[in-house]
Amino acid sequence: MKRVQFQSRWVPYVLLLPQLTIVCLFFLWPAGEAIRSSFYLEDPFGFGSTFVGLDNFKTILSDPEYFKAAAFTAVFTFLVAFFALSLSLLLAVKADKVVKGATVYKTLIIWVYAVAPPVTGLIGAMLFDVNIGPFTHLAHDFGWDMRVGVNYYDTAFAMVVAAVWNQIPINFIYFLSGLQSIPKAVQEAASIDCRSSFKRFWTVTFPLLAPTGFFMLVINITYAMFDTFGLVDVMTKNEPANNPVTLVYKVYADGFRGNDLGGSSAQSVVLMIVVFALTIVQFRFVERRVHYN
Amino acid sequence: MGRIHLEAVRKTYAGNLEVVKGVDLDIADGEFIVLVGPSGCGKSTLLRMIAGLETITSGTITIGERVVNKLDPADRNIAMVFQNYALYPHMSVYENLAYGLRNHGTPKSEIEARVQEAARMLQLEPYLTRKPRALSGGQRQRVAMGRAIVRKPDAFLFDEPLSNLDAKLRVSMRGEIRQLQRRLGTTAVYVTHDQLEAMTLADRLVVLNGGQIEQIGTPLEVYHAPASTFVAGFIGSPAMNLLPAEVSGQDIRVGQTRVASCAPEGIAGAVTLGVRPEDVTLARDASSGVSLKISYIEELGAQRLVHGTVEGQQLTMAISPSEPLSDTVEIAIASDKLHFFGSDSGARLNR
Ligand SMILES: Nc1ncnc2c1ncn2[C@@H]1O[C@H](COP(=O)(O)OP(=O)(O)OP(=O)(O)O)[C@@H](O)[C@H]1O
Ligand SMILES: [Mg+2]
């Protein structure tokens, strides 16, 4: 590769400046602010704050509500990642085999990706609406008295469905391109060596997709934990009390609804640590990412 | 048993694009058949139809005693070696060799024995635990060969297996493939567009052109009696000279020059005259009457290729590098080595 040498040694920094400004302004500064205020008790009426050390952390770690939200987040993340990944893989494998009308089929799956999470939430809320939602009616037909927004488990169910639906397209795109990057001759060699296409999938196709799959797993965990905020907000209908909420949503609810800025900051510091851990896992993986051939 | 029989085999792709146009071929058990032809003539397509990787539009393919038209590739008991080897990148060399056997329900001890035997035959023993990415091109090629032989198939199918190797390795692998196939006695169908590879490997050559068989025969038959101008031009390097000529009685003329007077019975009028470069020599006496105006010379070391024109027609001769040359030389054409082809049809006329 040809190396470009800058005339002035300031030019690279100037070119980086906009990006650095954004990172500082919208990431580093708020993060620092959050860490600072997690050690303070904020007066609910905004009359100053008191340094309380690790008290905020002690409070949240002894709060059963916090653990309930943490448990829900874990289950929710697992379910969303599992179903979003497996369903999109299934769709991608099928789409890879489609010859006729492939473009239509792919477009139909991919367009969902253009829907933003809060809109997903709105559509989900509509589909699962207690009075007019078609899914609610369907559930009723099967004898399930579904009350999304009222019943904890029903809301959780609707949230998982909407989140999975929203996340399938991006997974689909990655899996499809992953599948198409597997050399055709390798698939053909396998079809000579192994009669069962099911077995072939698990012994050849799936292992060759594993690098893509692992990357997607991290993306999906991040999505389920953090990007579903808008969806949770719409689905819980601003009544987080009896409804399942994720940790990210709880940060918002406690901080801006409950006016407990210190506690909510402590929560976001915990989440920051989670993000940090996830990032390390992903970088580690990308570093030693399996490059076949 | 590895007899392969093709009967009126055709392949039509979407849009009525016919790429294999009715091929009949009978391959005996243990025979080494090479399909050769220019790029795009349908060699790979034909091979892939035998393998079952491509559907057969019409006709029948029989392997052993079974018509395999509707059989899965895995059920045809064939093994294929691909151009880019198509090894399983996530499996070790051992697993690559064992994979097919496992899926065919071969007992464990038998798998172990066969893989070890193949590894020994192909000198792959030191690499059994390695992944393909840690192998050289030649070693990958051997693994691909090994994967084919452990299966003990009815037939080996090769699709240009050597074209990714450097020239030297290609020659040595060529020899190994030939020996291995002889030793195992397994039928082989080998696709290449390299005519040298075709000549050296084949028991019988099948020359394809535009989806049709132009000629089937042993390498020497094809070389010495090409069935058409196409085959004449394709097999042999440097290629056979093809000159428009006129036959009247015994005389064969190119333009105004009489190049020989030994035309066989029954050939008259306009023909295409074929002469191999090595059948053209410098004339002993200066009165042969055929003069070659030299355009340029290629030195090959053992041989010298002299390119020039006779009566404005291109002609190449291969002669010893020691003979002195001037701008124009008198040449003689071996009269018993002439090939006559119909000037329109291109089909062979003599013998
Ligand atoms: N899936 C396909 N759809 C349409 N046409 C195809 C398809 N596959 C191959 N062809 C055409 O069929 C013809 C024969 O292809 P084939 O691959 O058999 O050639 P080949 O003799 O193996 O050539 P090469 O020496 O370059 O490998 C080509 O003209 C090719 O364009
Ligand atoms: Mg080919």
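Within every chain, numbering begins at 1; the chains are lettered A, B, ... in the order of the sequence lines, protein sequences first and strands thereafter.
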Item to check | From NZ (A:K184) to CG (B:L53), nearest 0.5 Å | outcome: 8.0 Å
Checklist outcome for this item: Closest heavy-atom pair, A:A189 versus B:A86, reported as atoms and distance to 0.1 Å, is CB-O, 3.8 Å
Checklist entry - Within a radius of less than 6.0 Å around CD of A:Q19, do more than 12 heavy atoms belonging to other residues, nucleotides or ligands occur? => result no
Item to check | Contacting moiety of A:S196, where chain B heavy atoms sit under 4.5 Å | outcome: neither
Checklist entry - Is the number of heavy atoms from other residues, nucleotides or ligands under 6.0 Å of A:F82 CZ greater than 12? => result no
Checklist entry - Can you tell me if CZ on A:F135 sees more than 12 non-hydrogen neighbours from other groups inside 6.0 Å? => result no
Checklist entry - Is there a side chain to side chain contact (heavy atoms under 4.5 Å, CB included) between B:M91 and A:V204 once you walk through the steps? => result CA-CA 9 Å; B:M91 297 183 193; A:V204 175; 4.3 Å; yes
Checklist entry - Quick check: are there more than 12 heavy atoms from other residues, nucleotides or ligands sitting under 6.0 Å from CZ of A:F226? => result yes
Checklist entry - At their closest point, which heavy atom of B:A74 faces which heavy atom of A:C194, and how far apart are they? => result CB-C, 3.9 Å
Item to check | Main-chain N/O of A:T205 paired to B:H90 side chain as donor or acceptor, under 3.5 Å | outcome: no
Checklist outcome for this item: Contact list (residues 93-108 of chain B to chain A, heavy-atom gap under 4.5 Å, by number) returns B:Y99, B:G100, B:N103, B:H104
Next on the checklist: side chain to side chain contact (heavy atoms under 4.5 Å, CB included) for B:Y88 and A:D193? Distances and angles first, verdict last.
Outcome noted: CA-CA 11 Å; B:Y88 308 121; A:D193 275 345; 2.8 Å; yes
Checklist entry - Could you give the distance from CD1 (A:I192) to CZ (B:R151), rounded to the nearest 0.5 Å? => result 7.5 Å
Checklist entry - Could you go step by step and tell me if A:E188 and B:R48 meet the side chain to side chain contact (heavy atoms under 4.5 Å, CB included) rule? => result CA-CA 10 Å; A:E188 289 175 344; B:R48 293 164 56 81; 2.7 Å; yes
